[in-house]
**Q** 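Quick one: the structure is below, and I'll ask about it shortly.
Because only heavy atoms are used, hydrogens play no part in the values below, and waters and symmetry mates are left out as well, while side chains stay in. Remember, predicted model here, so these are calculated numbers, not experimental data. Each chain gets a letter, A, B and so on, in the order its sequence line appears, and its residues count up from 1.
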Amino acid sequence: MAERLNLKELSVKWQAKWAAAELFKTEDPLTSAKETYYCLEMYPYPSGYLHMGHVRNYSLGDVKARFERMKGKNVLYPMGYDSFGLPAENAAIQDGGHPHDVTEKNIDGIKQQQKLMGISYDWSREFATSHPDYYIWNQWFFLKMFGKGLAYKKGGLVNWCPKCNTVLANEQVIGDGVCWRHEDTEVEQKELEQWYLKITDYADELLADIDKLEHWPDRVRTMQRNWIGRSEGIDIHFPLDGTDKILPAYTTRCDTIYSVTFVVIAPEHPLVMELCKGTPQEEEVKRVVKEIRKQTEIERTSPEGKDKIGAFLGRYAINPVNGEKIPIWVANFVMMYGTGIVMADAHDQRDFEFAQKYDIPLKFVISDDGLPIDASKASRAYLNDGTLFDSGEWSGMNNREALPEMTDWLEKKKWGEKQVNFKLRDWLISRQRFWGTPIPIIYCDDCGTVPVPEKDLPIELPKQADFQAGGNPLATVEEFVNTTCPTCGKAAKRETDTMDTFVDSSWYFLRFCDPGNAKEAFNKKITEKFMPVDQYIGGIEHAVLHLLYARFFTKVARDLKMIDVDEPFARLLTLGMVTKDGAKMSKSIGNTVDPGEIIDKFGPDTARLFILFAALPDKELEWSDQGVEASHRFLQRVAALPNEVTYADGPTKHDTYVQSKLHSAIKGVTTEFENLRHSMAIQHLMELVGVLQKYKEGEVHKSLWDDALEALIKMLSPVAPHLCEELWAGLGHDSFVSVASWPVHDEEKINKHAEAAIEAVDALETDIRTVLNLANITPKKITLFVAEPWKFDFALLMKEQLEQTADPKEILSAIMSSPLKQYGQQITKLVPAILKDRSKLPEYLMQQEEESKLYESFTQELGERFNCDVIVEQAADSKEAKAKQAMPGKPAILVA
RNA sequence: GAGGGGGUGCCGGAGUGGUCAAACGGGCUGGGUUCAGGACCCAGUAGCUUAGUGCUUGCGCGGGUUCGAACCCCGUCCCCCUCACCA
């Protein structure tokens with residue numbers, strides 16, 4: 001075997017050549033005639049090193065970008081850095097220094113590694129969000145949104161992560177109430193005044209447009225739908241007994257209104273204390289509310305802490321539909337959602353349990369058959385749909401059918417008001433941290449909250465700050481904090497909160513279209529040529545967070561007339577995890593594999609090939625060292641393919657087969673790459689390499705061989721670009737394969753080889769399908785592929801020899817000197833087997849003769865039936881025989 | 001509880017009505033090559049059986065539709081993920 005290529009050295013060489021040629025620079029979309037294609041990976045937070053998840057992400061994107069480029073598109077494929085954020089600031093706090101320096105160092109580190117992978121980014125578009133020429137536009141967006149009332153400040157309970165030392169958005173609180181960055185840290189509630197973006201204004205559109213995202217994974221669409229959480233219902237107005245006040249209770253199930261026997265109010269609700277004031281139950285209520293407040297903390301840590309507790313407020317409400325006096329309770333299971341008050345009945349499990357615990361009367365109004373059932377004897381809530389009873393004029397109706405009508409009826413009677421509720425809350429963007437975009441607001445004693453005028457942007461972060469002081473370092477910088485009011489000119493103070501870094505990533509994909517623009521966030525004309533992103537690739541962890549915010553910002557930008565698209569990402573691919581030993585790669589478990597080491601040892605092409613081949617992109621990928629070596633082996637095999645080829649004078653008998661395989665590979669690889677099924681595309685390539693290796697064993701037809709080799713190198717180049725450049729140059733090209741044109745398949749050439757390979761002999765008599773298939777085709781020539789047609793001759797020869805001698809060696813050499821020697825391998829096995837029991841030879845001979853006659857008659861029959869030539873041919877090898885269904889006694893037929 | 005995705009060989013993982021004992025890769029076994037290891041090449045890898053062949057079982061479990069099912073339908077069990085006292 002030839003010596004192995006050093007794929008690492010190769011990659012360095014070609015990366016330098018690409019860079020020198022500026023090969024991957026996007027063309028100006030306003031002058032280029034090419035169709036644009038925008039491929040984007042979620043840009044990284046620069047932590048200084050690359051992990052396997054990154055490698056997977058970038059490899060997937062790069063294949064797509066290279067593929068589209070080779071198909072003649074003007075591809076926008078950029079890379080940048082999400083460089084604001086806590087880790088850099090924390091590093092500065094720990095080690096001294098400035099987050100800026102930490103960040104720049106980390107960007108250099110990660111960029112180095114990205115470049116080693118040979119990803120075909122247009123590096124001229126690179127930017128980092130922590131640079132003022134980027135974040136100035138965050139501030140600009142904020143001012144625009146402030147102007148439209150979409151950015152506002154309000155007080156209220158907010159999520160606070162004690163580790164981050166800052167507030168969090170609802171979306172950043174995950175799982176059992178923990179911080180998205182610190183899964184071991186419980187989020188606390190604090191009363192603070194904070195800046196919000198009014199994403200709820202777009203709730204309806206964000207929800208409705210999910211339907212347009214047909215190329216997004218269902219999972220993500222569902223998650224967004226759930227997060228927005230739209231529900232249609234009605235606020236039912238329960239008069240407060242003895243007053244003219246009303247208690248509104250939100251419900252989606254007003255069909256159960258006749259079963260309502262009590263009302264429950266959330267412990268945080270301001271009315272709780274007001275209502276119980278002066279009642280005998282006041283002290284008890286206070287005690288229970290206090291207990292609930294304490295309990296919620298414990299509840300968050302233990303998933304089992306869902307015991308329902310509550311207290312009677314000593315007051316009553318009136319059920320408007322039947323005038324019944326019903327008690328008002330406070331209970332821990334009611335949230336401050338909707339109106340913070342719910343109506344309770346026996347058709348809800350929680351209400352039911354609570355009522356049982358506190359002996360509150362219950363009644364049913366729905367049963368399977370509409371016959372009354374008694375709730376006092378029931379042990380659980382009745383949750384099924386069924387027929388209403390004891391429900392006034394609605395009795396006898398199916399409850400689901402009645403629901404919309406009852407809603408209208410309640411509203412008409414002025415007992416309630418239709419209401420749409422969303423779970424989505426406004427986006428809290430203030431962060432009490434230094435390393436983020438300063439919020440461009442000034443507080444003046446006289447003029448109040450004043451936005452910074454656009455001409456004064458950017459408000460830059462100070463070069464120095466005290467990171468050891470604790471709290472928000474920005475607040476310690478006097479020169480930053482103290483300013484003058486833009487309106488009245490008097491001394492004033494700047495807002496010291498910075499923006500959530502998710503603001504940065506909410507529009508960075510727009511900036512990539514026009515990254516150098518100093519006059520505006522991006523030019524509308526240019527950006528519209530690229531947007532929406534054709535293919536977006538990233539982790540599932542952003543299913544709600546980033547992807548929802550980005551959709552929101554896109555809609556805001558549209559309403560600001562900055563761009564004319566509704567949705568930013570046409571196709572979304574969410575990556576599966578990279579695991580090792582069955583667990584997600586993580587430093588704490590210690591099962592990580594350093595991409596740098598793999599690249600060093602096997603070269604970037606191997607790393608890319610393995611990671612693309614090992615699993616489909618959205619599936620979990622289990623790391624395997626053997627798999628990496630197998631990938632390396634494959635690349636070496638490809639590298640050796642052009643060596644030591646013997647050319648035939650003209651066509652060879654395998655040409656049609658090889659050509660058919662080549663074209664079906666082109667077809668397969670193309671569709672699989674189109675649909676981002678990289679591992680499947682690679683399978684086709686591996687198959688093709690196998691075919692070409694076999695082909696090479698004999699003499700090859702030069703023009704076909706060259707075509708096949710070129711096509712193979714082109715198709716492999718998105719996966720293993722460096723090796724393919726080398727091989728491409730080896731074929732005598734002085735251009736780059738990275739920008740060569742993608743091969744096109746010829747359907748006819750695929751079919752030429754095997755129009756129909758069908759089980760035959762007995763099939764002719766019995767298998768209807770065979771006849772039907774044949775009937776649909778007008779054959780010019782039929783080839784019968786027979787597994788081992790030589791066996792009849794062999795048996796004859798064998799018989800002849802046995803009559804002369806008994807020496808196995810002599811027999812063997814006699815056969816080997818006959819034309820049958822080409823089947824030597826099989827014969828050397830067969831001869832001893834037959835010698836073992838000679839008595840069976842006559843039978844064997846007969847069988848073979850029969851078989852051979854069968855072919856003869858079959859050949860004749862087919863010839864007559866279809867009026868064409870029929871020839872018998874040996875199937876080239878056992879695999880081919882299998883593929884063609886040729887077996888002894890059962891030839892395969894090939895119709896041409 | 002609601003929603004989403006899954007259960008295929010020793011393993012990863014294709015396949016969604018016939019050409020399926022099941023692509024492609026890995027592993028393992030045997031053979032070749034080699035001083036040896038690696039690499040490379042060939043064959044085998046559900047069970048029984050033959051010199052070649054063939055038969056049976058088989059794609060979580062049970063049933064159904066069909067000439068025919070890993071694939072369609074019904075039931076059932078299990079796993080993963082997301083949201084969750086949202087009324």
Side-chain angles (χ1 to χ4, degrees), chain A residues 1-4 174-176 217-223 225-227 229 231 233 249-254 256 264 299 303 306-308 331-339 341-345 347-351 353-354 383 421-423 540 543-544 610 613-616 618-622 624-627 629-634 636-637 640 677 679-680 682-687 690 693 697 754 756-759 763 767-770 773 787-788 791 794-795 825-826 829-837 840-841 843-844 847-848 851 878 882-885 887-890 892:
Chain A
M1 196 65 222
E3 82 286 2
R4 316 184 102 199
I174 59 165
D176 260 341
D218 282 341
R219 211 150 75 98
V220 175
R221 300 206 293 168
T222 311
M223 280 163 78
R225 254 184 223 116
N226 289 344
W227 187 262
S231 75
Y250 178 72
T251 182
T252 54
R253 287 293 307 278
C254 68
T256 63
V264 194
E299 220 183 32
K306 305 231 161 159
D307 268 352
K308 290 172 179 50
N332 59 344
F333 70 91
V334 175
M335 309 285 106
M336 265 312 287
Y337 164 83
T339 61
I341 303 170
V342 301
M343 61 184 218
D345 56 68
H347 293 288
D348 181 287
Q349 188 58 29
R350 291 155 302 177
D351 299 349
E353 281 171 24
F354 184 76
L383 302 172
N421 263 323
F422 290 93
K423 213 180 76 171
I540 185 74
V544 175
F610 166 70
F613 178 59
L616 284 170
D618 54 336
K619 297 266 171 68
E620 195 174 277
L621 186 156
E622 170 73 14
S624 145
D625 290 330
Q626 284 115 337
E629 276 166 31
S631 297
H632 192 236
R633 237 164 22 221
F634 171 74
Q636 295 292 347
R637 249 203 313 270
R677 292 161 52 95
S679 61
M680 302 306 283
I682 294 167
Q683 280 177 26
H684 282 115
L685 290 170
M686 285 176 165
E687 241 178 312
Q693 263 181 340
E697 279 171 16
I758 311 151
E759 286 183 46
D767 193 333
I768 300 161
R769 199 163 44 85
T770 304
N773 274 341
E788 287 155 330
K791 277 198 172 157
F794 165 76
Q825 215 183 351
Q826 284 116 304
K829 280 185 192 164
L830 222 71
V831 170
I834 288 174
L835 288 176
K836 222 167 51 181
D837 183 2
K840 283 185 179 172
L841 184 63
E843 195 193 330
Y844 181 50
Q847 275 175 18
Q848 295 303 330
E851 215 169 87
S878 63
K882 208 172 165 192
K884 288 177 187 151
Q885 286 304 296
M887 287 165 199
K890 256 191 188 182

**Q** With rounding to whole Å, what would you report as the distance between C61(B) and C11(B) at their P atoms?
**A** 15 Å
**Q** Decide yes or no for I682(A) and F610(A): does some side-chain heavy atom of the first lie under 4.5 Å from some side-chain heavy atom of the second?
**A** no
**Q** Which residue, A614(A) or I682(A), contacts RNA chain B at a nucleotide closer to its 5' end, judged by nearest heavy atom?
**A** A614(A)
**Q** How far does the P atom of U66(B) sit from the matching atom of C73(B), given to the nearest Å?
**A** 16 Å
**Q** With a 3.5 Å limit on both atom pairs, tell me what A46(B) is paired to, counting Watson-Crick and G-U wobble, or say none.
**A** U56(B)
**Q** Give, for atom CG of D618(A) and atom CZ of R219(A), the distance between the pair rounded to the nearest 0.5 Å.
**A** 8.5 Å
**Q** Rounding to the closest angstrom, what is the interatomic distance between U19(B) and C48(B) at atom C1'?
**A** 25 Å
**Q** Given G1(B), is OP1 or OP2 found less than 4.0 Å from the side-chain N or O atoms of R350(A)?
**A** no
**Q** Ignoring the backbone of T252(A), work out which of A14(B), A87(B), C41(B) is nearest its side chain.
**A** A87(B)
**Q** Using whole Å, what does the distance between atom P of nucleotide A87(B) and atom NZ of K308(A) come to?
**A** 15 Å
**Q** Closest approach to the side chain of Q626(A), judged atom by atom: which nucleotide of A87(B), G27(B), G4(B) is it?
**A** G27(B)
**Q** Does some side-chain heavy atom of I540(A) sit less than 4.5 Å from a side-chain heavy atom of V220(A)?
**A** yes
**Q** Side chain of M680(A): nearest nucleotide among C85(B), C83(B), A14(B)?
**A** A14(B)
**Q** The side chain of V334(A) lies closest to which of these nucleotides: G26(B), C24(B), A87(B)?
**A** A87(B)
**Q** Starting from C1' on G6(B), measure out to CG on D218(A) and report it in whole angstrom.
**A** 14 Å
**Q** Between C24(B), A84(B), A14(B), which nucleotide has the shortest distance from any of its atoms to the side chain of L616(A)?
**A** A14(B)
**Q** Closest approach of Q683(A) and F613(A), non-hydrogen atoms and distance?
**A** CG-CE1, 3.9 Å
**Q** Please state the C1' separation for the pair A46(B) and G9(B) - nearest whole angstrom.
**A** 8 Å
**Q** Could you tell me how far C85(B) sits from A2(B) if I compare only their C1' atoms? Round to whole Å.
**A** 13 Å
**Q** Donor-acceptor check, side chain of N421(A) to backbone of S231(A), threshold 3.5 angstrom: yes or no?
**A** no
**Q** Expressed as a whole number of Å, how far does the P atom of G68(B) sit from that of C79(B)?
**A** 35 Å
**Q** Measure NE2/H684(A) against C1'/G15(B) and give the value in whole Å, please.
**A** 12 Å
**Q** Tell which nucleotide pairs with G62(B), taking only Watson-Crick or G-U wobble pairs whose two distances are both under 3.5 angstrom.
**A** C74(B)
**Q** Which of these nucleotides, A87(B), C81(B), C85(B), is closest to any side-chain atom of V342(A)?
**A** A87(B)
**Q** Closest approach to the side chain of K423(A), judged atom by atom: which nucleotide of G25(B), A84(B), G3(B) is it?
**A** A84(B)
**Q** When you match F333(A) and A615(A) each to their closest nucleotide on RNA chain B, which lands nearer the 5' end?
**A** A615(A)
**Q** When the distance from CG of L621(A) to C1' of C80(B) is rounded to whole Å, what number comes out?
**A** 17 Å
**Q** If you round to the nearest 0.5 Å, how far is OG1 of T251(A) from CE of M343(A)?
**A** 4.0 Å
**Q** Expressed in whole Å, how much space separates the C1' atoms belonging to G4(B) and G12(B)?
**A** 24 Å
**Q** Classify M686(A) by what it touches in the nucleic acid, base, sugar-phosphate, or nothing, heavy-atom distance under 4.0 Å.
**A** sugar-phosphate
**Q** Measure the distance from NZ on K619(A) to P on G25(B) and round it to the nearest whole Å.
**A** 19 Å
**Q** When you measure from the side chain of N226(A) to the backbone N and O of G229(A), does any donor-acceptor pair fall under 3.5 Å?
**A** no
**Q** Counting only Watson-Crick pairs (N1-N3 plus N6-O4 or O6-N4) and G-U wobbles (N1-O2, O6-N3), all under 3.5 Å, who is the partner of C67(B)?
**A** G18(B)
**Q** What is the minimum heavy-atom distance between A344(A) and D351(A), and which atoms define it?
**A** CA-OD2, 3.2 Å
**Q** Would you kindly give the CG-to-P distance between N226(A) and G1(B), to the nearest whole Å?
**A** 17 Å
**Q** Within less than 4.0 Å of OP1 or OP2 of U82(B), is there a side-chain N or O belonging to R225(A)?
**A** no
**Q** Could you please name the partner base of G1(B), counting Watson-Crick and G-U wobble pairs only when both distances are under 3.5 Å?
**A** C83(B)
**Q** Nearest to the R253(A) side chain among A84(B), A87(B), G3(B), which nucleotide is it?
**A** A87(B)
**Q** Between atom CZ in R221(A) and atom C1' in G3(B), what is the gap in whole Å?
**A** 14 Å
**Q** For the P atoms, the ones on G44(B) and on C24(B), what distance do you get once it is rounded to whole angstrom?
**A** 13 Å
**Q** Watson-Crick or G-U wobble partner for G12(B), using a 3.5 Å limit on both distances?
**A** C24(B)
**Q** Can you tell me which nucleotide in A23(B), A87(B), G4(B) comes closest to the side chain of E687(A)?
**A** A23(B)
**Q** Can you tell which of C83(B), C41(B), U82(B) lies closest to the side chain of M223(A)?
**A** U82(B)
**Q** Roughly, in whole Å, what's the span from CD1 in I540(A) to P in U82(B)?
**A** 9 Å
